[in-house]
Amino acid sequence: MNSADRETLWQQLRQHPVRWDVLIVGGGITGAGVLRECTRRGLKALLVEQQDFAWGTSSKSSKMVHGGLRYLASGQFGLTRDSVRERQRLLEEAPGLVDPLQFLMGHYKGQFPPGFIFNRVLDVYDLMAGHRNHRRFPAREVSFLAPGLLENGLKSLTQFGDAVTDDARLVLRVLQEARSEGGCALNYVKAENVLKGGSEGRVRGLTLQDTLSGDRVEVEARVVINATGAWADQLRGQMGLAGQIRPLRGSHLVLPQWRFPVSYSVSYFHPRDKRPVFVFPWEGTTVIGTTDLDHDQDMQSDARITAEEVNYLLEGIRHAFPSWRITREDVLCTWSGIRPVVGTGSLDPSKEKREHSIWDDQGLITVAGGKLTTFRLIAMDVLQAASIYLEGQGHTVADSRIFKAGRVAIKPDCGVAVDQQKRWWGRYGEVTPQLIAGGSPAARRIGDSLVCWGELDYALQHEAVCHLDDLLLRRTRLGQLLPQGAKDYLPEIGLRCQRILGWNDAQLRTEIDRYQAIYARDFSLPPLAQPAAGALS
Ligand SMILES: Cc1cc2nc3c(=O)[nH]c(=O)nc-3n(C[C@H](O)[C@H](O)[C@H](O)COP(=O)(O)OP(=O)(O)OC[C@H]3O[C@@H](n4cnc5c(N)ncnc54)[C@H](O)[C@@H]3O)c2cc1C
């Protein structure tokens, strides 16, 4: 879908009102997953996102597709088994988008869990996945596995397998799959008001606003799904319902890989509060994450890291990898996401449970919490809850493939490297041959990133890019992967925006200013702060 298709769909909503089966609010992974499951069941479904697709938490997570070892450690076997199975499913269905990532954990003298206990837990973890994928190493191997990792007190190391993705591209691929089966999705459309007054005072639809034009329309549906994550209380509040969400911010620092190369995702305990934190390789960079603290910033713009969080993450990495002497000067960029956690009032944010919850309030079904990894299961639970409004059509169906066109067909001698083709198959599914047809010019990489010019052009042509930040922060990640938000490449990127989207010089200038303001405010280092006195979690 391009921006013209977006306009056509909006006009259809205005001029030819129909009653939808399902109206989904929120274009993150939860909303996208629900749309995908609706199309599988033959339901007529529309998704609206107030900003850009994946603008919320689903472009700012830690990108792990994982079984959740912490659930296992707390005895939640069912949840871990489900997550492990979903991880395996995604690895099989979308290689190139969801890829294996090896983790490494050092076991230090006097620290829990010791290596032998951790390995017993991993025996169970791997049993759930159906194959063994962990190994214990003596401490002397550290210089091969994770050069620079603190050796003082190190007794052994454990390597184990999970997976990693690009969360925003995962959302886009799920949306693409849903659209190919008749699902509809609009970015920059906000659900403003809940319309009540259906039979028995039920919710009958929503007032939607196109935030680009200011136009409004009333849309009716048999059931409305509130998949707005950390924003879920806003629509529920209109029903007079009490807030449930405790928004918790998690922030990351991104470093150039040449400055601090890691081949594993290395977990370690922060010296200040003993929370697990980690450093991992992602898209040719090295990422350090993450914090976990109450989010009290304005929710209408991107979340941003604070100076105290920067200090905290740097303190942690300097403790775990002292010889690398990482400082704030090494940081390429930052990002912060908001966990849509259902609050229980726990004093320690990290003790709040991370599972999803579902509420049905007279036909407004709200879902919040959970993880990227289990989005398909969450969507199935949502539709199960919605099935009373859908005469049973929400029930689970036998066919369960998320990505139907996920077959990787590598073309030899086409000017595109094999690993590039695989990456495209994962990210673009059945339209990949279109990208491959662009040959070596399409496969030319942009700077040191793994992103190619063909991907950027494809996004401009087919992926409903409305603003420059959609292109640089979510369709591609150039803003996070290249120095100064890809500043050196803006002239060439701008020309392509003008050619493909028809922006004139004034529009382009406005878009560059908007993007650079967002980048400076929400994806850069904040000004220096005094060293923090208290713990951060
Ligand atoms: C720091 C951090 C690290 C994480 N790491 C991992 C990880 O490694 N692995 C993992 O599996 N999970 C991880 N998670 C959890 C995971 O990212 C989230 O559970 C998931 O992204 C939530 O998706 P969502 O669709 O529910 O919410 P979101 O992605 O936030 O989507 C909700 C959307 O609703 C939109 N919206 C709000 N109000 C309206 C309205 N009125 N009208 C229209 N649209 C509206 C918002 O703009 C937003 O885009 C992490 C989370 C955080 C914060």
Side-chain angles (χ1 to χ4, degrees), residues 23-35 46-68 70-71 83 86-87 90 98 101 162-165 167-168 170-171 174-175 185-194 206-211 224-238 245 247-252 265 277-278 280 282 287 289-293 295 299-303 305 309 334-342 349 354-357 366-375 377-379 382 474:
L23 186 48
I24 304 156
V25 189
I29 192 63
T30 307
V34 174
L35 185 70
L46 169 69
L47 176 150
V48 293
E49 162 57 50
Q50 65 176 353
Q51 303 263 1
D52 185 29
F53 300 125
W55 172 82
T57 308
S58 299
S59 56
K60 298 164 192 136
S61 76
S62 301
K63 334 265 180 240
M64 299 300 144
V65 173
H66 59 148
R70 58 178 278 174
Y71 296 136
S83 305
E86 289 305 298
R87 180 194 73 195
L90 287 164
V98 179
L101 178 67
D162 255 319
V164 68
T165 190
D167 45 6
L170 180 65
V171 172
V174 174
L175 287 175
L186 284 168
N187 52 353
Y188 293 101
V189 170
K190 178 174 178 158
E192 263 194 338
N193 290 308
V194 178
L206 295 167
T207 309
L208 303 180
Q209 186 194 29
D210 179 342
T211 59
V224 176
I225 311 295
N226 175 12
T228 55
W231 293 262
D233 285 341
Q234 294 179 358
L235 283 183
R236 292 188 86 236
Q238 290 187 22
I245 306 299
L248 297 177
R249 185 173 63 252
S251 298
H252 305 80
S265 173
V277 278
F278 64 150
F280 59 98
W282 184 69
V287 181
T290 171
T291 53
D292 196 16
L293 68 172
H295 181 68
M299 298 274 286
Q300 291 319 308
S301 52
D302 291 287
I305 195 167
E309 287 174 278
T334 70
W335 79 71
S336 302
I338 317 171
R339 296 184 180 87
V341 170
V342 179
R354 307 290 149 125
E355 295 96 315
H356 67 281
S357 299
T366 299
V367 52
K371 310 193 290 167
L372 282 176
T373 313
T374 48
F375 74 88
L377 301 180
I378 296 174
V382 168
R474 288 168 292 275

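Counting starts at 1 for both ligands and their atoms, in listed order. Along the sequence shown, the residues carry numbers beginning at 1. Below, all heavy atoms of this structure are taken into account, side chains as well, without hydrogens, waters or symmetry copies.
- His252 meets the side-chain hydrogen bond (donor to acceptor under 3.5 Å, both in side chains) test with Ser62, Trp335; sequence neighbours excluded.
- Annotation: Thr373 places an N or O atom under 3.5 Å from an N or O atom of ligand 1; distance criterion only.
- For the 3.5 Å distance criterion, the side chains of Ser59 and Asp167 fail to qualify, holding no donor opposite an acceptor.
- A heavy-atom separation below 4.0 Å is found between Val189 and ligand 1.
- Only side-chain heavy atoms of His252 come within less than 4.0 Å of ligand 1; its backbone N, CA, C and O stay farther off.
- Assignment of His356 to the shell around ligand 1 is not supported, since no heavy atom sits closer than 4.0 Å.
- Between Gly229, Ser58, Gly28, it is Ser58 that holds the heavy atom closest to atom 22 (C) of ligand 1.
- With distances taken over non-hydrogen atoms, the option nearest atom 32 (C) of ligand 1 out of Leu372, Thr211, Thr228 is Thr228.
- The side-chain hydrogen bond (donor to acceptor under 3.5 Å, both in side chains) check on Asp233 picks up nothing, with sequence neighbours excluded.
- Proximity of Ile338 to ligand 1, defined as any heavy-atom pair under 4.0 Å, is confined to the backbone N, CA, C and O atoms.
- Distances from atom 42 (N) of ligand 1 to the heavy atoms of Gly370, Ala191, Ala32, Ala54 put Ala191 nearest.
- Where the criterion is an N or O separation shorter than 3.5 Å, residue side chain and backbone included, Gln234 fails it with respect to ligand 1.
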